[in-house]
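Here's the structure, in structure tokens; my notes come after.
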Protein chains: 2
Amino acid sequence: MTSRQNMLRVAELAQVSIATVSRVINSPDKVSPETRQRVLGVMQQLNYTYNVLAGSLTRQRSMTLGLIVPTITNPIFAESTRGVQERAARQGYTLLIGNSDYQADEEARLVRTFRQHRVDGMIVTSSHPDSPALLEAQRAGVPVVLTYSSRLRSPLPSVGVDNQAAAAEAVGYLIRLGHTRIAMLAGTFQSSDRSYARYLGYNAALAAHGLPRDPALLLEVPYAPEAGANGLLRLLDQPGPPTALFCSNDILAFGALRAALDRGLSIPGDLSIIGFDDSPMAALTNPRLTTVAQPAYAMGERACDMVLALVAGTPPETTALVLPTSLQMRETTGAPPPHVAATHQLT
Amino acid sequence: MTSRQNMLRVAELAQVSIATVSRVINSPDKVSPETRQRVLGVMQQLNYTYNVLAGSLTRQRSMTLGLIVPTITNPIFAESTRGVQERAARQGYTLLIGNSDYQADEEARLVRTFRQHRVDGMIVTSSHPDSPALLEAQRAGVPVVLTYSSRLRSPLPSVGVDNQAAAAEAVGYLIRLGHTRIAMLAGTFQSSDRSYARYLGYNAALAAHGLPRDPALLLEVPYAPEAGANGLLRLLDQPGPPTALFCSNDILAFGALRAALDRGLSIPGDLSIIGFDDSPMAALTNPRLTTVAQPAYAMGERACDMVLALVAGTPPETTALVLPTSLQMRETTGAPPPHVAATHQLT
DNA sequence: CTGAAAGCGCTAACAC
DNA sequence: GTGTTAGCGCTTTCAG
């Protein structure tokens, strides 16, 4: 065939060179108004669709960014995804998305795939922030920014929150309400350093108030409502049950709340519950969930801005952005039941 | 420089031609075990990363699929997205994702962008199923499959549910429970034909039972909890308030439930509520939400299988797949309050 | 302001 | 089995 190259066809019909067509697309002002109009017209009538792939190949820039989250199914990640997307689109970038399911190997696989697709940068909520795949990508020149965790001394830039401090604040609140037996339902540490950081905060708060740390009060579970429900039940069914529960995310809290209600407990009369994330549903449950709010959407935006800056070669001012969290005191928290407090005093 | 082409570098070091390198990647068995190992070794030591972009250019296949949903923020779409992703990944495909925000023009923009990125096919939960952009993509040879709606006579293939029948079933249930004043909170018709189909089902159910259709009982609102809450309040604050509410999605129902509870209504004692989607939270609210379940994950899987079949040139058996829905009768529905029933009898 | 030409990294015949 | 050689569609100096 004569010419399959789309741009060439446009060029021929418009009586200009292919270079000119390229120019009206990439730098319109470098072309005289007349020719530009003519070319534009032909593109229209030919229904020409620019081939980003070809452009990316020569230009060494794919105009795509890779986004990896544990699971888009968790509203908090859906939220930050929107943030990333909004900023990316604004800059002409398109997103490749993948779910790691909190699995380090799946995360690594995604990183590899994205690199093959030559993403210009990636934003990842990692299950394993020191993953070789991530470091290697960065070493290979693909900017990577971590989200949701603040690893100040990580080799990878990040935009997150201070999980430990936020958790400590939540637990501190419980303590101030009078609770002394506070349990924690934590997402599996191994698959999320955030969960572990929150656990550290929980511990810190207990320690700060001179409260003993009871191993029986900590349960590491997968991030699922059922796990939250079963977890709470197990916690409750042991001697010296807790009067308050801190969950490392809202999903767990929702499950726990449901289980508590099913068991006929009054919330927060019999049990206080605090979640983490402040996902949209937190303000809608009955009773409304007290939880730690994270600026998810903003986190996505900032992370996107950061990779884009890195891509552009503009070193961002900070390489470790820590966004503020805020405890949303709602209806699932209150003073511990009087008899329990009394019991506790006796021991 | 001598040779920037990655494959060439591998080829040189491995003492083979670039074609052979390509072969060990795409059809390993066409290469002798020894050379293959040698090449593999070099790739390893060079840390070679295959360039999908370049491959796509020659092969005319990008190994990417475009996915467009109204908003990934709605759990039901997050769910189907996972389904799509799972199937896509299994076939070596990567996903480009975009949110249309129920906006036809944004959807069109995404379609254009995806086409420029040469996606091999797209799956879209459209806000405007007959959108020229969609039809044009299909005409241009890019398979498009619609999700969530069943448009049997649409020119575009789809995998969805029978929204109208599902809605009719839900409303029919309410009627059988004894309700006669049933309101509907519907997502804006203009931005979702699914919402309209559900409205049609609502109407059909009323008609089938000889119930009058009261325009004052229908409210078209945006898909947001606040809209659900305010909507219900408006519905309630008019003469002859409804005793039951059918919402065109769970988000609206969650908002309405919250507002009803805040107003001190007993649910379902004073008001019955039914949602649509059966998003994960529906079974966790207090009381649990009665809602119409859609097989979101499966829908995503099937849609992905369908585009992939289309991409491969294998005409799928059906071009309009309708998946079953099922009414999940939980705790937000019950008989109407006795006095209202009495009142109604008087009129 | 516009054109010619050398790639970008890989694939796919077609030979050997 | 393995190598040669045209491209795939676009960008980008470098001239003019």
Side-chain angles (χ1 to χ4, degrees), chain A residues 1-40 42-43 46-64 92 115-120 140-141, chain B residues 1-40 42-43 46-64 92 115-120 140-141:
Chain A
M1 53 227 63
T2 24
S3 57
R4 292 244 21 252
Q5 300 171 66
N6 273 288
M7 246 189 193
L8 225 196
R9 290 211 18 217
V10 174
E12 289 169 346
L13 254 186
Q15 317 257 48
V16 295
S17 83
I18 183 176
T20 297
V21 179
S22 177
R23 286 198 192 93
V24 340
I25 293 175
N26 302 300
S27 27
D29 27 85
K30 286 190 176 178
V31 176
S32 80
E34 305 82 62
T35 23
R36 192 194 317 150
Q37 282 317 315
R38 185 151 33 93
V39 173
L40 251 18
V42 175
M43 298 200 322
L46 241 42
N47 229 304
Y48 170 72
T49 302
Y50 175 80
N51 188 329
V52 179
L53 262 38
S56 301
L57 192 56
T58 49
R59 206 191 285 223
Q60 302 288 47
R61 265 219 194 172
S62 67
M63 297 313 283
T64 59
R115 287 189 59 192
Q116 294 187 154
H117 278 274
R118 293 296 188 269
V119 294
D120 292 334
Chain B
M1 52 227 64
T2 24
S3 56
R4 293 241 27 249
Q5 300 171 65
N6 272 291
M7 247 189 190
L8 225 197
R9 290 207 23 212
V10 174
E12 288 168 347
L13 254 186
Q15 318 258 47
V16 296
S17 80
I18 183 177
T20 298
V21 179
S22 175
R23 287 196 192 94
V24 340
I25 292 174
N26 303 299
S27 29
D29 27 84
K30 286 190 174 177
V31 175
S32 82
E34 306 82 62
T35 24
R36 192 193 314 150
Q37 282 316 314
R38 185 151 33 92
V39 173
L40 251 18
V42 176
M43 298 201 319
L46 241 42
N47 230 303
Y48 170 73
T49 301
Y50 176 79
N51 189 328
V52 179
L53 263 37
S56 302
L57 192 56
T58 48
R59 206 191 286 225
Q60 303 286 47
R61 273 260 199 119
S62 67
M63 296 313 282
T64 59
R115 286 189 59 193
Q116 295 187 154
H117 277 274
R118 292 298 187 268
V119 295
D120 293 334

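Quick note on labels: first sequence line is chain A, next is B, and so on, each numbered from 1. Quantities reported herein were computed from a predicted structural model and do not represent experimental measurements.
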Q.
Could you tell me if the side chain of A:V39 sits less than 4.5 Å from the side chain of A:V31, heavy atoms only?
A. no
(Q) Counting only side-chain nitrogens and oxygens, does B:S17 get under 4.0 Å of the OP1 or OP2 atom of D:dT2? (A) no
Q. How many angstroms lie between CG in B:L13 and CE in B:M43, if you round to the nearest 0.5 Å?
A. 12.5 Å
Q. How close or far is atom P of D:dG9 from atom CG of A:L46, stated in whole angstroms?
A. 13 Å
Q | Contact pattern, 5' to 3', of nucleotides 11-16 of chain C - B, S or - by protein heavy atom under 4.0 Å | A | SBB---
Q: Rounded off to whole Å, could you give me the CG-to-C1' distance for the A:L8 and C:dA4 pair?
A: 12 Å
Q.
Within residues 31-39 of chain A, which residues have any heavy atom lying less than 4.0 Å from an atom of DNA chain D?
A. none
Q.
Could you tell me how far apart B:N51 (CG) and C:dC8 (C1') are, to the nearest whole angstrom?
A. 8 Å
(Q) If I take atom CE in residue A:M43 and atom P in nucleotide D:dG9, what distance separates them, rounded to the nearest angstrom? (A) 16 Å
Q. Contact class for A:V52 (heavy atom, under 4.0 Å): base, sugar-phosphate, or nothing?
A. nothing
Q: Measure from CG on A:L57 to C1' on C:dG7 and round the result to the nearest Å.
A: 9 Å
**Q.** Residues forming a side chain to side chain contact (heavy atoms under 4.5 Å, CB included) with B:Q116, sequence neighbours excluded
**A.** A:T49, A:Y50, A:V52
Q. How bent is the helix from C:dC1-D:dG16 to C:dC16-D:dG1, comparing axes over its five end pairs at each side, to the nearest 10°?
A. 30°
Q: Rounded to the nearest angstrom, tell me the gap between atom NE2 in A:H117 and atom C1' in C:dC10.
A: 14 Å
Donor-acceptor list for residues 18-28 of chain A side chains, cut-off 3.5 Å, not counting sequence neighbours:
| unit_1 | atom_1 | unit_2 | atom_2 | d |
| --- | --- | --- | --- | --- |
| A:S22 | OG | A:N26 | ND2 | 3.3 |
| A:N26 | OD1 | A:R59 | NH2 | 2.9 |
| A:N26 | ND2 | A:S22 | O | 3.0 |

(Q) Suppose we screen for side chain to side chain contact (heavy atoms under 4.5 Å, CB included). Which residues come up paired with B:S32, at least two apart in sequence or across chains? (A) B:E34, B:T35
Q. To the nearest Å, how far apart are B:Q116 CD and D:dT11 P?
A. 11 Å
Q. In chain order, what residues pass the salt bridge (Lys or Arg N to Asp or Glu O under 4.0 Å) check against B:R118, with sequence neighbours excluded?
A. none
Q. By side chain to side chain donor-acceptor pair (under 3.5 Å), which residues pair with B:R115, not counting sequence neighbours?
A. B:E136
Q) Within less than 4.0 Å of OP1 or OP2 of D:dG9, is there a side-chain N or O belonging to B:Q60? A) yes
**Q.** Protein-nucleotide distance (A:Q15, atom CD; C:dG3, atom C1'), rounded to Å
**A.** 14 Å
Q) Of all residues at least two apart in sequence or in a different chain, which pass the side chain to side chain donor-acceptor pair (under 3.5 Å) check with B:T64? A) B:S62
**Q.** Non-hydrogen side-chain atoms of B:M7 and B:V10 separated by less than 4.5 Å
**A.** no
Q) Got a sec, which residues hit side chain to side chain contact (heavy atoms under 4.5 Å, CB included) with B:A54, two or more places apart in sequence or on another chain? A) A:L57, B:N51
Q | Minimum-distance pair of heavy atoms, taken over all atoms of A:H117 and B:M63 | A | CE1-O, 4.0 Å
